[in-house]
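As a basis for the values below, the full set of heavy atoms in this structure was taken, side chains included, without hydrogen atoms, waters or symmetry mates.
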Amino acid sequence: MGIVETNRVNSPVFQMTGSAKRWWRDYVLSRLAGSPSLTWDQFSQLFLEKFNPFTLREEYRRQFERLQQGGMTVTQYETRFVDLARIAIVFLPTERERVGGFIEGLTFSIRLQIAKETGDDISFQRTVEISRWIEMVRDYKRGLESDKRPRNFGGFSGASFGRRAYNAPSAPIIAPLI
């Protein structure tokens with residue numbers, strides 16, 4: 001943005017509210033008169049120590065390293081992954097590492113399928129989209145399989161009339177994955 005080093009701190013300070021604004025006001029008042037302006041690196045360090053202490057950063061790092069999709073949908077997993085990755089950016093500094101980290105936490109069935117669908121040069125957003133498609137198709141197939149199971153109609157006693165229920169599934173709109 002072309003901001004000179006001596007003014008780089010002023011822009012975020014101007015936008016501070018609540019406890020951050022009070023912290024900054026107290027910090028400025030505690031400094032000796034005539035003290036040199038803070039550099040951006042000095043300000044960033046002070047701000048992180050106050051509002052994102054080392055212990056909290058370490059906890060987020062551990063959560064990020066253990067993150068697995070598990071019972072979450074791909075969308076829920078992506079949201080959690082992005083939230084933690086924002087804090088742990090040093091662990092996945094490149095797009096390729098980010099994609100690899102995301103895939104590594106997916107459920108095995110999606111991870112296996114996505115390996116067939118993607119190449120080395122795929123963006124994070126495209127990886128997420130393909131994962132969602134794989135999940136949608138997998139869930140749709142599961143729905144079809146459950147519709148194929150025979151269902152007996154009868155009274156409460158369990159007597160059957162020999163008819164099977166058939167619920168025609170609505171056809172999903174499936175776009176090519178590539």
Side-chain angles (χ1 to χ4, degrees), residues 1-115 117-136 138-139 175 177-178:
M1 289 178 46
I3 300 173
V4 263
E5 181 64 30
T6 55
N7 292 330
R8 282 182 83 181
V9 175
N10 293 338
S11 180
V13 165
F14 178 74
Q15 297 176 28
M16 286 181 178
T17 60
S19 61
K21 189 171 192 162
R22 285 188 297 279
W23 164 77
W24 180 250
R25 185 181 55 231
D26 292 345
Y27 176 78
V28 169
L29 290 174
S30 71
R31 295 188 74 202
L32 295 174
S35 296
S37 298
L38 291 179
T39 65
W40 177 254
D41 289 337
Q42 291 169 328
F43 171 77
S44 297
Q45 188 65 35
L46 283 171
F47 188 86
L48 281 176
E49 287 172 6
K50 175 64 179 172
F51 293 100
N52 198 358
F54 177 77
T55 53
L56 186 59
R57 289 192 309 264
E58 279 299 300
E59 175 57 30
Y60 287 140
R61 183 188 60 77
R62 281 192 293 282
Q63 287 179 26
F64 183 71
E65 288 174 346
R66 292 188 311 255
L67 182 62
Q68 297 288 312
Q69 181 186 3
M72 293 184 274
T73 65
V74 170
T75 300
Q76 292 166 330
Y77 169 64
E78 177 210 8
T79 300
R80 187 72 179 136
F81 181 89
V82 169
D83 287 346
L84 290 173
R86 190 176 310 124
I87 296 163
I89 192 75
V90 293
F91 301 113
L92 304 172
T94 67
E95 180 83 355
R96 188 175 187 165
E97 290 169 321
R98 194 169 172 215
V99 168
F102 180 80
I103 291 172
E104 191 174 308
L106 289 167
T107 59
F108 181 74
S109 62
I110 295 177
R111 191 174 30 193
L112 184 63
Q113 186 65 35
I114 204 164
E117 301 292 338
T118 61
D120 291 340
D121 184 10
I122 188 166
S123 73
F124 178 76
Q125 200 52 51
R126 185 71 179 135
T127 303
V128 170
E129 191 61 24
I130 291 170
S131 301
R132 285 185 184 133
W133 276 108
I134 292 168
E135 179 180 60
M136 185 183 75
R138 181 197 64 194
D139 291 349
L177 294 178
I178 297 175

Q: Assess whether atom OH of Tyr60 is packed by more than 12 heavy atoms of other residues, nucleotides or ligands within 6.0 Å.
A: no
Q: Taking Arg111 for the side chain and Gly105 for the main chain, is one N or O donor matched with an acceptor at less than 3.5 Å?
A: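 Here the side-chain-to-backbone pair does not exist.
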Q: When rounded to the nearest 0.5 angstrom, what is the spacing between CG in Leu56 and CZ in Phe51?
A: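 So the gap between those two atoms works out to 12.5 Å.
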Q: Atom CZ in Arg98, atom CD1 in Ile103: separation rounded to 0.5 Å?
A: 12.5 Å
Q: Under 3.5 Å, side chain of Gln69 to main-chain N/O of Thr107, donor-acceptor pair present?
A: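 A pair under 3.5 Å: yes.
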Q: Return the minimal non-hydrogen interatomic distance between Phe47 and Ala20, and the atom names on each side.
A: CE1-CB, 4.5 Å
Q: For the side chain of Gln113 and the backbone of Ile134, is there at least one donor-acceptor N/O pair under 3.5 Å apart?
A: no
Q: Which heavy atom of Gln68 sits nearest to which heavy atom of Met72, and what is that distance?
A: O-CE, 3.2 Å
Q: Rounded to the nearest 0.5 Å, what's the gap from CG on Leu38 to CD on Gln45? Could you check?
A: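 Reported to 0.5 Å precision, the distance equals 11.5 Å.
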Q: Return the CD1 to OG distance between Ile114 and Ser131, rounded to the nearest 0.5 Å.
A: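 Those atoms lie 3.0 Å apart.
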Q: Would you say the side-chain atoms of Tyr77 pair up with the backbone N or O of Phe102, donor to acceptor, closer than 3.5 Å?
A: yes
Q: Does the side chain of Trp40 pick up a donor-acceptor pair with the side chain of Ser44 at under 3.5 Å?
A: yes
Q: Measure the spacing between CZ of Arg22 and OG1 of Thr17 and express it to the nearest 0.5 Å.
A: 9.0 Å
Q: Below 4.5 Å, heavy atoms only, C-beta onward: do Phe43 and Trp24 meet side chain to side chain?
A: yes
Q: Assess the residue pair Glu95 and Thr127 against the criterion (side chain to side chain contact (heavy atoms under 4.5 Å, CB included)); give the C-alpha distance rounded to whole Å, side-chain angles, the decisive distance to 0.1 Å, and a yes or no.
A: CA-CA 11 Å; Glu95 180 83 355; Thr127 303; over 6 Å; no
Q: Looking only at side chains, do Gln63 and Arg80 share a donor and an acceptor under 3.5 Å apart?
A: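 Checked: Gln63/Arg80 side chains pair up, N/O donor to acceptor below 3.5 Å.
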Q: Considering non-hydrogen atoms only, spot the tightest contact between Pro36 and Arg31 and give its length.
A: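 Minimum heavy-atom contact is O-NH2, 2.8 Å.
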Q: If you apply the rule salt bridge (Lys or Arg N to Asp or Glu O under 4.0 Å), what do you find for Glu65 with Arg62, and how did you get there?
A: CA-CA 5 Å; Glu65 288 174 346; Arg62 281 192 293 282; over 6 Å; no
Q: Test side chain to side chain donor-acceptor pair (under 3.5 Å) on Glu129 and Gln125 and set out the steps.
A: CA-CA 6 Å; Glu129 191 61 24; Gln125 200 52 51; 5.0 Å; no
Q: Is Glu59 close to Thr55 at the side-chain level, that is, under 4.5 Å between some pair of heavy atoms?
A: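 Of all side-chain heavy-atom pairs linking Glu59 with Thr55, none is under 4.5 Å.
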Q: Distance check, rounded to the nearest 0.5 Å: Leu46 atom CG versus Trp23 atom CH2?
A: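 Reported value, rounded in 0.5 Å steps: 5.5 Å.
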Q: Would you say that more than 12 heavy atoms from the other residues, nucleotides or ligands in this model lie under 6.0 Å from the CD of Glu49, or not?
A: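 Yes - once you tally the heavy atoms of other residues, nucleotides and ligands closer than 6.0 Å, there are more than 12.
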